[in-house]
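To start, the structure under review is shown below, and the notes come after it.
Lettering follows sequence order; numbering is per chain, from 1. Bear in mind the structure is a predicted one, so any value in this text is a computation, not a measurement.
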Amino acid sequence: MIEIKNLHKSYKMGTNSLHVLKGINFSVAEGELVSIMGSSGSGKSTLLNILGMLDEADEGSYTLDGLPIKNLNEKIAAQYRNKFLGFIFQSFNLISYKNALDNVGLPLYYQGIKHKERVEIAMSYLEKVGLADWAGHLPNELSGGQKQRVAIARALASNPKVLLADEPTGALDTKTSYEVMDLIQGINEEGRTILIVTHEHDIAEMTKRIVNLKDGVIIDDSKVNQVRALSNV
Amino acid sequence: MFDLERWQEIFETISKNKLRTFLTGLSVASGIFILVILLGIGQGMQNGIAKEFEQDASNMLSVWTNVTSKEYKGLNPGRQITLKNDDYTQTVNKYNDQLEYKSSVFRIWSGLINYKKESGNYRVEGVWPDLQFLENAKMTQGRFLNYRDIDNVEKVVVLGNKVKNDLFKNGEDVIGKYVQISDINFKVIGVFSDPGGERDESVVFLPISTAQMVFNGGNDLRRLAFTLPQRDNFEQALAESEKFSEELGAYLKEKHSVAPDDNRAITINNSLENTKRFYDLNKMIEMFFWGVGICTIIAGIVGVSNIMLIIVKERTKEIGIRKALGAQPLSIIGMILHESIFVTTISGFIGLIFSLALLEFVGPLIETEYIANPSVDFNVALTTVFILVLAGAIAGFFPAWRAARIKPIIALRDE
Ligand SMILES: Nc1ncnc2c1ncn2[C@@H]1O[C@H](COP(=O)(O)OP(=O)(O)OP(=O)(O)O)[C@@H](O)[C@H]1O
Ligand SMILES: [Mg+2]
């Protein structure tokens, strides 16, 4: 599903540049649930953003579901993001003046799906994350866990091939984190490929594979025995 | 533009961001409002001035004579020049197709008029029928002089309103009564009023033929008066009348052996030149209000631009989120422009309607000498609304374009 080879990325700040990713080689098969770990500043988010086409690599190749992702113009990139990828952010990134239902429906709007159908699909995903009763609420009327579940529903709404989550539990307490992870595990079990950036070991243990990043290179990549989130709740 | 989904999205954004919408709308609406009111007042002032000089604002030319002030062809200065009947008839023959109304005037110096026991001294003038129009006299009773009166040398008189009021104290019928001018009986055929007021109503008019004969005027004339046809274009009217008065002056001076530059001997007074002052003033007022108006529009454009910049800045993160969810750059630009054009158009028209309503209902109530019926050309007002909407769209386009091109990761980081 995801194939990256010799990926480099540096940030230029004035005259000096910061080499963040120093040749990443890594692939993810369909249906995997992978966590990316590493200390702060190791380049986890940078990697995830490149995978999500929110940012571009300086060097190396990236293939998503057989499509080479290189020098895409904005229009194509937007199409790919819309069709192939779903994002879950640490800070939720819901649109504050739209209610839960409309937030979930937004990717569908950009797919050109008409209002009526959009509402039906969005509602079904809200049901899936257990928030059907909260459809009409604005983000600031929801708890952190609820917001993240709305964000997950939104990421799922466009039926993407890959879900990318950057510290999805970073802003949540332990109990809520596990509830969110349970949801993510369930979604994975339906066959969806998911990448999660985290620096919490217990969260990483709930995935099927842990990739360890240090100073811009992968130092460890191993399968783990998945811990069920629900057993911890 | 006719994408229903887009409209729904816009309406939602607008209704959920009422303050932002209100502030944008307010600045546009008040800009248009102020502009239209300003233009209205400017127009009102122009109307007021136009009304002030309407009463004597005709393209009239008067010819007067006096003593010569220069030696010419061996003739000494100080020679009295007097206009004669043939000056009038020859001028009329020569320029007939250029003239609208024409009259020569003979004045009787001691104009003592009696009726029964009442009497008074008034200006008495022998004139042609056209003089009614040259003087803007309005008949309140009877009729003015006609060509038959002149041909038949009738002893008839037309009284100014003031003369009638002075002489006919007890409101009796005037028409057909006889008054004595220097002890000669004249039959009253009409009474006129004059917009010039009392001074211009203390006059009586006789047929010119009668006046010259009865009062031993011979061929002498006091003055000539002409009007040229009215023109819509003031500049054209002025040019025509200046050309005509020059030609006429040259002709009469040559005829009377007066030096070509001796404007004292033969004076031609061109009323349009006086009018020109008012026109210039009017032009200045118009330009001033347009200047202020254009400044208002510019201020409005700057205001709308600022608001658009702020709106786009405020929405940077939202734009990042939308892009992460798959929004095309064009749809981002479209969303921002669509909203701004919609809001500026609606509020522009609200400002327009309020200001036009104010001008319509309050305008006529304004009763000062300097402002009359303030109003504004609807097309001009409409154009300004479109200019502002267009400016808002252009002002919104650049930040929207930049926002649409900015990398989603950078937009998302924005706090
Ligand atoms: N836009 C940027 N400009 C300059 N430097 C950046 C930028 N984004 C990230 N960096 C730097 O790149 C390095 C990697 O950042 P990144 O966000 O990928 O770290 P991370 O592994 O996600 O850390 P954390 O666990 O704290 O989220 C850091 O040193 C960071 O300071
Ligand atoms: Mg990070």
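Between B:Leu412 atom CG and A:Ser91 atom OG the span is 8.0 Å, to the nearest 0.5 Å. Here the CG-OH distance, from B:Asn17 to A:Tyr97, works out to 6.0 Å after rounding to the nearest 0.5 Å.
Few gaps surround CD on A:Glu141; more than 12 heavy atoms of other groups in view lie less than 6.0 Å from it. Within a 6.0 Å sphere centred on NZ of A:Lys22, other residues, nucleotides and ligands contribute more than 12 heavy atoms. Other residues, nucleotides and ligands place no more than 12 heavy atoms under 6.0 Å from the NZ atom of A:Lys5. The local environment of CZ in A:Phe26 is crowded, with over 12 non-hydrogen atoms from other residues, nucleotides or ligands closer than 6.0 Å. No more than 12 heavy-atom neighbours from other residues, nucleotides or ligands sit within 6.0 angstrom of CE on B:Met284. Other residues, nucleotides and ligands contribute more than 12 heavy atoms inside 6.0 Å of the OH atom of A:Tyr11.
Interface residue A:Leu94: only backbone heavy atoms are found under 4.5 Å from chain B. Heavy-atom distances place no part of A:Lys83 under 4.5 Å from chain B, backbone and side chain included. Only the side chain of A:Phe89 has a heavy atom closer than 4.5 Å to any heavy atom of chain B. For A:Ile113, the part lying under 4.5 angstrom from a heavy atom of chain B is the backbone only. Interface remark: A:Asn93 contributes backbone and side-chain atoms alike to the contact with chain B (heavy atom separation under 4.5 Å).
Interface residues of residues 321-334 of chain B toward chain A, defined by a heavy-atom distance below 4.5 Å and sorted by number: B:Ile321, B:Arg322, B:Lys323, B:Ala324, B:Leu325, B:Gly326, B:Ala327, B:Gln328, B:Pro329, B:Ser331.
With respect to chain B, the highest number of heavy-atom pairs below 4.5 Å among A:Gly52, A:Ala155, A:Pro107 belongs to A:Pro107.
A salt bridge links B:Glu12 to A:Lys98: at least one charged side-chain nitrogen sits closer than 4.0 Å to a carboxylate oxygen.
A:Met53 is not listed as a side-chain neighbour of B:Pro408, based on a closest heavy-atom distance of 4.5 Å or more. A 4.5 Å side-chain heavy-atom check between A:Glu74 and B:Arg405 finds every atom pair outside the cut-off.
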